[in-house]
Every structure is written in structure tokens, then in C-alpha cells.
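Note that the numbering runs from 1 along the sequence shown for the chain.
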Amino acid sequence: MKDNHTAKVQAYHASIWVNSILPPLKLVVGILGNSFALIADGINSLADILSNLVVYLLLKVSGKPQDEDHDYGHGKYETVATFSLGAVMIVAGVMIVVDGISTIATYFTNGELPELPSWIVLAVAAFAMGLKEWVYHYTMKKAKETRSEVLRAEALDHRSDVFTSLAVLIGAGCAIAFGGVARLMEPVAAIVVAGFVMRMGAIVTIPALNKLTEASLPQETEEEILQIAESVEGIQLPHNLRTRMTGSDTIAIEMDVRVDGNIPLYEAHDLTIRVEELLRERFGEETHIIIHIEPMTPFVHKVGSYKIIQNETAQ
């Protein structure tokens with residue numbers, strides 16, 4: 001668990017390093033190079049720095065073990081960080097759209113075109129694309145290795161930044177190559193890519209919101225849990241299953257099962273222990289499991305001269 005958390009923090013260091021370099025570079029070059037798209041991209045990257053700081057602090061907290069105040073550990077802090085990151089992506093996308101529409105509206109109302117961008121804008125956009133593409137693949141790899149939702153969210157954010165920088169290349173490139181009304185290609189391209197940024201934000205935010213609101217695990221996962229329980233000989237009719245996420249990669253499982261009411265209590269307990277072992281093998285050692293036993297008690301009734309013994313659940 002500790003090594004897994006350390007890997008998450010190390011991967012996040014790379015994101016912080018990249019996101020600390022790009023915003024000032026984009027903003028300075030965007031202002032000096034007369035590029036609306038690069039300035040908008042710089043604002044987007046600036047939002048990344050703020051989200052990085054928040055998420056990094058929450059990652060530190062989420063790695064703490066359970067204590068007196070948090071019986072289920074601190075894993076939900078990472079889910080909060082993921083939700084915050086997705087929300088920042090959505091807000092950044094909205095900001096880009098508003099600025100782009102404002103620039104285009106200025107042309108149609110006043111006939112005023114944005115200034116022609118400098119060639120250095122293309123160089124910075126290309127550099128940002130390359131750097132963000134590298135850190136996207138690195139972060140996504142670590143996210144898969146550690147099963148971290150917040151690192152996956154950060155990787156998707158890096159990928160959205162790649163498309164934003166691509167918009168700068170297209171917009172600035174067209175403006176420089178063709179001039180005139182083609183200068184509007186910068187804000188147009190930025191608006192199009194902002195849609196992708198907001199979509200990425202929604203992809204990240206919605207699952208995190210489900211976990212924060214105690215949504216159950218997917219139906220196929222719950223069916224798998226019931227199948228695992230039924231695979232243990234002596235366990236009958238697992239039911240009343242309740243599941244939820246306690247962190248980015250940890251879950252809680254509660255269920256009722258039925259066992260032969262005539263077997264000793266310690267044997268019934270051993271059966272539940274076996275179910276817990278199988279579930280933790282599948283879903284991780286940190287899985288929180290509660291299994292309630294319902295005994296199947298025999299009763300006898302007569303039909304003619306025969307005795308029929310049946311089992312029913314004790315109430």
C-alpha cells in the first residue's frame with residue numbers, strides 16, 4: 001500500500017514540474033506574440049497549477065492509514081481531488097469559450113481583427129504539445145499500475161492540453177499563412193478544443209461524484225461478487241448485497257449468506273473467512289468486507305407414514 005502511494009506521488013511530481021514550466025512561457029509569449037489562443041492556453045495551464053497544488057495536498061492525506069477519526073482510511077480525499085480536477089477542467093474550458101466568442105463578436109460588431117501572431121507562438125505551441133504528450137503517457141502508465149483515478153484524471157488533463165496546443169498551432173498557423181479574416185481561426189480553434197477540454201472534465205467528474213455520493217459498484221461487478229461467494233462450498237444464496245467505493249481503488253462489500261444451521265459456529269465462521277479471502281484476492285487486500293450469516297434450520301413434518309425434512313431460513 002505504501003509503495004503504491006509513493007508511486008502515485010512520484011508520478012504527480014512530473015505533472016507539477018511540467019505544469020509549472022508551461023503557464024509563464026505560454027502567457028509571456030502569447031502576450032508578446034499577439035496570440036489569443038496561446039494566452040487562453042496559458043490560462044488553462046495556470047488552472048492546472050492551482051489544481052495540482054490542491055490534488056497534491058489531498059494525495060498526501062489520502063495515503064494515511066485508518067485512524068480514530070477515519071475508520072475506513074483517507075481514500076475519499078483522492079476522490080475529492082479527482083472531482084476538483086475535473087471541475088477545474090470544465091471551468092477552464094468555459095473561460096476559453098467565452099474569450100473566443102468575445103473576440104469573434106468584436107470583429108462582427110466593430111470589424112476589428114485580432115493582431116497577427118508571431119512565428120514564435122508556433123514554436124512554443126509545438127514544444128508544449130511534445131512535453132504534454134510525453135507526460136500524458138508517463139502519467140497514464142503510472143495510473144494503470146497503481147489503479148489511481150486521480151492520476152488517470154491528471155493524464156486525461158494532459159491529453160486535453162495536447163489538443164489545446166494543437167488548436168494554437170492550427171489557429172496561429174492559418175492566421176500567419178493567410179492573414180485577413182483567417183486571423184479569426186485562432187479563437188475559433190480555441191473554442192472547438194475547449195469543447196474537448198470540458199468533455200474530459202465531465203468524464204473525470206461524473207465517476208468521482210458517484211463515489212462521493214455512495215453510488216454502488218457496477219452491476220457486473222456485484223454479480224461477480226455474488227458468484228465468488230457462491231463458489232465456496234457451504235455458502236448458500238448470498239443476498240442483500242451492498243457495495244460502495246471507500247477510495248480511488250478500495251471498495252466496501254456487505255452481504256448476507258446462508259449456511260447449514262447444524263454446523264458449529266466456528267465452521268460457519270471459517271466459511272465466511274474463505275469468502276473474504278477470495279474477495280480480497282480479486283479486489284485487493286484493503287477491501288472492507290462484512291458478511292452476515294443466516295442459519296438454515298431443519299424442520300420435520302409428516303406426510304402419511306413418511307417424515308420429510310426440509311430446510312428453511314431461521315428468522
Side-chain angles (χ1 to χ4, degrees), residues 1-26 40-64 74-96 127-167 193-212 245 247-250:
M1 181 68 176
K2 184 176 180 181
D3 292 340
N4 191 48
H5 181 73
T6 300
K8 293 179 185 179
V9 174
Q10 289 175 343
Y12 215 76
H13 283 161
S15 294
I16 293 176
W17 177 77
V18 170
N19 287 337
S20 297
I21 291 175
L22 293 179
L25 180 62
K26 291 177 180 178
D41 198 14
I43 293 174
N44 180 42
S45 295
L46 189 61
D48 288 340
I49 290 183
L50 298 178
S51 67
N52 279 157
L53 292 176
V54 173
V55 173
Y56 182 73
L57 292 175
L58 290 174
L59 266 177
K60 286 288 189 180
V61 176
S62 70
K64 294 181 180 180
H74 298 74
K76 279 290 177 67
Y77 280 94
E78 186 173 344
T79 304
V80 172
T82 303
F83 179 83
S84 302
L85 180 56
V88 168
M89 292 168 67
I90 293 173
V91 171
V94 172
M95 290 173 61
I96 296 172
F127 171 74
M129 280 186 62
L131 193 58
K132 278 291 187 174
E133 185 68 15
W134 169 80
V135 77
Y136 159 74
H137 286 288
Y138 174 78
T139 307
M140 185 59 78
K141 177 183 177 183
K142 292 298 181 181
K144 292 178 180 179
E145 291 175 355
T146 60
R147 296 189 302 171
S148 171
E149 64 176 23
V150 74
L151 285 183
R152 178 179 176 274
E154 183 65 14
L156 291 175
D157 188 33
H158 290 316
R159 174 47 66 86
S160 71
D161 289 342
V162 171
F163 289 117
T164 303
S165 295
L166 177 60
V193 175
F196 288 98
V197 174
M198 291 186 287
R199 178 177 177 273
M200 288 286 189
I203 290 173
V204 168
T205 302
I206 293 174
L209 181 61
N210 288 337
K211 292 176 182 179
L212 289 174
M245 296 294 299
S248 65
D249 55 1
T250 55

- Message: Please enumerate all residues that pass side chain to side chain contact (heavy atoms under 4.5 Å, CB included) together with Ile21, with sequence neighbours excluded.
- Response: Trp17
- Who are the ring-ring contact (aromatic ring centres under 6.0 Å, His included) partners of Phe127, not counting sequence neighbours? none
- Message: Between Thr164 and Lys26, is there a side-chain heavy-atom distance shorter than 4.5 Å?
- Response: no
Just distance, no hydrogens or angles: give the donor-acceptor pairs under 3.5 Å from side chains in residues 197-204, sequence neighbours left out.
none

- Residues that Met129 engages under side chain to side chain contact (heavy atoms under 4.5 Å, CB included), provided they are two or more places apart: Val162, Ser165, Leu166, Leu169
- Task: Over all heavy atoms of both residues, which pair between Ala155 and Tyr136 is shortest? Give the atoms and the distance, please.
- Result: O-CD1, 2.9 Å
- Rounded to the nearest 0.5 Å, what's the gap from NZ on Lys132 to OG on Ser45? Could you check? 5.5 Å
- Message: Would you compute the distance between atom CD1 of Ile90 and atom OG1 of Thr205 and round it to the nearest 0.5 angstrom?
- Response: 4.0 Å
- Message: Suppose we screen for salt bridge (charged side-chain N to carboxylate O under 4.0 Å, His left out). Which residues come up paired with Arg159, at least two apart in sequence or across chains?
- Response: Glu133
- Looking at side-chain heavy atoms only, is the closest gap between Met140 and Leu156 below 4.5 Å? yes
- Message: How long is the straight-line distance from CG of Asn19 back to CG of Asp157, given to the nearest 0.5 Å?
- Response: 7.0 Å
- Item | Thr139: side chain to side chain donor-acceptor pair (under 3.5 Å) partners, not counting sequence neighbours | none
